[in-house]
**Student:** 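Below is one structure. I have some questions about it.
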Amino acid sequence: MKNQKSRVYLNAFSCACAAGMSIEKIFETLLSGESAIGQQSGYIDNVSMPLGKIPSDVDFFETIHANVEILLSKVPWFDPRETMLLVGSSVGGMCRAEEKFFADGDLQNITVEEMSIRSIASEVQERFGFKSALSFSTACTSSSVAIDFAVDLIAHGLYKTVVVVGADELSRSAVNGFDRLGIASRENTRPFDIERNGINVAEGIAVLALSSVKTAECVEIMGCGVSSDAYNITHPHPEGEGARAAMREALAKAGLDGSQIDYINAHGTGTVANDEIESVAIETIFGKKPFVVSTKAVTGHTLGACGALEVAISAMSILHRTIPPCVNLKSPVNVSLSHPLKAVKAEVNYVLSNAFGFGGGNVSIVLGRTHAD
Amino acid sequence: MQINLEIVQYAHIEDAQKIANLNEKSIVTDMMLRRRLTRNARIALYLTDQIGSWDIPIVIGNAYGEVNETFEILRAIATGETVSPTAFQNSVHNTPASYLSIVGKNKGYITTVSDLYETARSVLRVGAVKSLTYEKLLLIVSDSIDFERVDELNRCGVNIMECGVAFLVRQTEKQATITLTQKSYPGYSPSVWPMLELFEHAMELGEEEKIIAIEI
């Protein structure tokens, strides 16, 4: 069994975040260079701050269902009854618990079922009849580790089709928490800028269809790297050791070297620590060649959803041969890197997408263009 | 499809209330770090210490996350107090995984699954799939629900407030010697039941080979 390895393809995706209610709209917003972050109140008492809110009044869970429905319509040959559902989320149903708790301070109206991480998988599985479901919760790498696991399931021939859902809703707990840690910016975030001062917390949904079947418009998931910093709960390793390990592992599994990567969709949160360290780690492995962009300046930091969302954005870059610009970047923290200030038309063959998280978890994913046989 | 896992070592701990001694002082010598540990992290560190394998891939699961820290944050927001940064950084589900990495200087694959009552089964499934990549893995399920207002949420009669089970496993082609029967353990969180049953079988088998087939 250990020797059976199938190639893994990303056949379709459907997303929603502050930048749009579809991946096409999100990509269009990214290319326009306009941030989708807006001032929001109601998350911290008496404070209005820039956050990434999905532009819809529809219930968050209903929006997840809608995206799964769109996804399945794009891959009608996916049979949910034979498909594994993997969810990556850091807050799960927390917002439902918050709504009830902040209404009357009573916990008796809250059920563990509705507030759990599992709530997303349970409801999506029940609605669409997926064969099986499993949920990962590793903070900001949640949906990235789900993708890594999906790759294993398909590569080892355990499942032919897997659906990955990355989803996190804006919660008061998260906004207050990041604010108290001093890393929630009160301005629009400026990833990789020397004057960056934090993240814009955001919500997002990304639903991906992965399989062993190469289709007309797909990209290949060529390799995933997963590492741990073993350093600090909130601060990344100062030399970016864990980040480098994840990127190197992803490259090795993809059978590529750093010089072959055209575009790096960086984790690029806009915090002082992350961007400095990620820049150094990227420079060490890739030098100046690949374009390095953080799309979080436009979408905000969608927490556990960001890995899946940014893999979808990376796939769009390959399919549309266009790299989005670095928005809000004036003076780069590391002048050795290539940060495009305008969208770039290019033959994007290979992309590496990073997601790093609280507790020192790191995931890198390499995507590649598929060619006609 | 099934993958067979051989159980190499196992450990278990539980208490009706807060487990009194988890050997924190000997396991975590840095006092500042030790003071910040969550209950689930303490249980996971204890179980890892019992198994004695720190620097290997780990799959860890908890059903409810860090309930003390989660409700501390909710309470602070509701009463207009400032949220504790430590409570926030410790509130994510992968907090035990992070402390295992830091204390064990483990720079490899560590992941966290959280599937409510399916959590133990999910840990076994992820462990089985990852056993095709890694030689050995440590699988841990723990849940600590010992917090002030637990009675308001505890509607399924859990009276063992802290429980954790761990297995060191590796993939094998040998035939299964253990069959899980979906046995119930009243008083325990259903999230740990399959791990408790597996632990019981492991104890019964003693020196004999302990092999379980995991349905993926």
**Student:** Among A:Gly225, A:Ala174, A:Gly357, single out the residue with the greatest number of heavy-atom pairs under 4.5 Å to chain B.
**Tutor:** A:Ala174
**Student:** Please name the pair of heavy atoms, one in A:Leu107 and one in B:Glu152, separated by the smallest distance, quoted to 0.1 Å.
**Tutor:** N-OE1, 3.3 Å
**Student:** Is there a side-chain contact between B:Lys130 and A:Asp152, using heavy atoms and a 4.5 Å cut-off?
**Tutor:** yes
**Student:** Among B:Thr82, B:Ile73, B:Val92, B:Thr86, who wins on heavy-atom pairs under 4.5 Å with chain A?
**Tutor:** B:Thr82
**Student:** Taking atom CZ of A:Arg7 as the centre, does the number of heavy atoms from other residues, nucleotides or ligands within less than 6.0 Å exceed 12?
**Tutor:** no
**Student:** Is it the case that over 12 heavy atoms from other parts of the model lie below 6.0 angstrom from the CD atom of A:Glu126?
**Tutor:** no
**Student:** Below 4.5 Å from any heavy atom of chain B, which atoms of A:Asn232 appear? Answer side chain, backbone, both or neither.
**Tutor:** backbone
**Student:** Measure distances from A:Phe102 to the heavy atoms of chain B and classify the residue's part below 4.5 Å as side chain, backbone, both or neither.
**Tutor:** side chain
**Student:** Is the count of non-hydrogen atoms from other residues, nucleotides or ligands lying under 6.0 Å from A:Glu99 atom CD greater than 12?
**Tutor:** no
**Student:** For A:Phe149 versus B:Arg125, what's the shortest heavy-atom pair and its separation?
**Tutor:** CZ-O, 4.3 Å
**Student:** Let's test your reading of the structure: which of B:Leu153, B:Val126, B:Leu33, B:Asn154 forms the most heavy-atom pairs below 4.5 Å with chain A?
**Tutor:** B:Val126
**Student:** Under 4.5 Å, heavy atom to heavy atom: which of residues 98-119 of chain B reach chain A? Give them by number, or say none.
**Tutor:** B:Ser98, B:Tyr99, B:Ser101, B:Ile102, B:Lys105, B:Asn106, B:Lys107, B:Gly108, B:Tyr109, B:Ile110, B:Thr111, B:Thr112, B:Val113, B:Ser114, B:Asp115, B:Leu116, B:Tyr117, B:Glu118
**Student:** Please determine whether side chain to side chain contact (heavy atoms under 4.5 Å, CB included) holds for the pair B:Ile3 and A:Leu158, giving the CA-CA distance in whole Å, both sets of side-chain angles, and the decisive distance to 0.1 Å.
**Tutor:** CA-CA 10 Å; B:Ile3 296 169; A:Leu158 299 165; 4.1 Å; yes
**Student:** Counting only non-hydrogen atoms closer than 4.5 Å, does A:Tyr159 touch chain B with its backbone (N, CA, C, O), its side chain (CB onward), both, or neither?
**Tutor:** side chain
**Student:** Just do the side chain to side chain contact (heavy atoms under 4.5 Å, CB included) check on B:Thr70 and A:Ser173 with the steps written out, would you?
**Tutor:** CA-CA 8 Å; B:Thr70 301; A:Ser173 299; over 6 Å; no
**Student:** Given that the side chain runs from C-beta out, which part of A:Ala245 has a heavy atom under 4.5 Å from chain B: side chain, backbone, both or neither?
**Tutor:** neither
**Student:** What part of A:Val145 gets within 4.5 angstrom of chain B, counting heavy atoms only: side chain, backbone, both, or neither?
**Tutor:** side chain
**Student:** Quick one: what part of A:Ser227 sits under 4.5 Å from any heavy atom of chain B, side chain, backbone, both or neither?
**Tutor:** both
**Student:** Under a 4.5 Å heavy-atom cut-off, does chain A meet the side chain of B:Ala97, its backbone, both or neither?
**Tutor:** neither
**Student:** Main chain of B:Pro85, side chain of A:Arg180: is a donor-acceptor contact present, judged purely on distance under 3.5 Å?
**Tutor:** no
**Student:** Tell me if the NZ atom of A:Lys100 is crowded by more than 12 foreign heavy atoms within 6.0 Å.
**Tutor:** yes
**Student:** Which of residues 155-166 of chain B get closer than 4.5 angstrom to chain A, counting heavy atoms alone?
**Tutor:** B:Arg155
**Student:** Side chain from CB out, backbone as N, CA, C, O: work out which of these in A:Glu241 comes under 4.5 Å of a heavy atom of chain B, or both, or neither.
**Tutor:** side chain
**Student:** Let's test your reading of the structure: which of A:Val363, A:Thr234, A:Ile110 forms the most heavy-atom pairs below 4.5 Å with chain B?
**Tutor:** A:Ile110
**Student:** Sort out for me which of A:Gly359, A:Ser142, A:Gly360, A:Gly92 touches chain B most, counting heavy-atom pairs under 4.5 Å.
**Tutor:** A:Gly359
**Student:** Given a strict heavy-atom distance threshold of 4.5 Å, which part of A:Ser137 is in contact with chain B: side chain, backbone, both, or neither?
**Tutor:** both
**Student:** Check whether A:Ser89 gets within reach of chain B through its side chain, its backbone, both or neither, counting any heavy atom under 4.5 Å.
**Tutor:** neither
**Student:** Nearest 0.5 angstrom please: A:Phe178 CZ to B:Phe88 CZ, how far?
**Tutor:** 4.0 Å
**Student:** Please flag which part of A:Phe358 lies under 4.5 Å from any non-hydrogen atom of chain B: side chain, backbone, both or neither.
**Tutor:** both
**Student:** Heavy atoms, side chains only, cut-off 4.5 Å: are B:Thr133 and A:His156 in contact?
**Tutor:** yes
**Student:** Are A:Ile117 and B:His93 close enough, and set up right, to give a side chain to side chain contact (heavy atoms under 4.5 Å, CB included), and what steps lead you there?
**Tutor:** CA-CA 9 Å; A:Ile117 297 294; B:His93 279 63; 3.4 Å; yes
**Student:** Non-hydrogen atoms of chain B under 4.5 Å away: do they reach the side chain of A:Asn109, the backbone, both or neither?
**Tutor:** backbone
**Student:** Any heavy-atom pair between the side chains of A:Gln108 and B:Arg149 that's under 4.5 Å?
**Tutor:** no
**Student:** Just checking B:Glu148: does its CD atom have more than 12 heavy atoms from other residues, nucleotides or ligands closer to it than 6.0 angstrom?
**Tutor:** no
**Student:** Using heavy-atom distances under 4.5 Å, tell me whether A:Ala133 contacts chain B through its side chain, its backbone, both, or neither.
**Tutor:** backbone
**Student:** If you measure from CG on A:Leu86 to OG on B:Ser122, what distance do you get to the nearest 0.5 Å?
**Tutor:** 10.0 Å
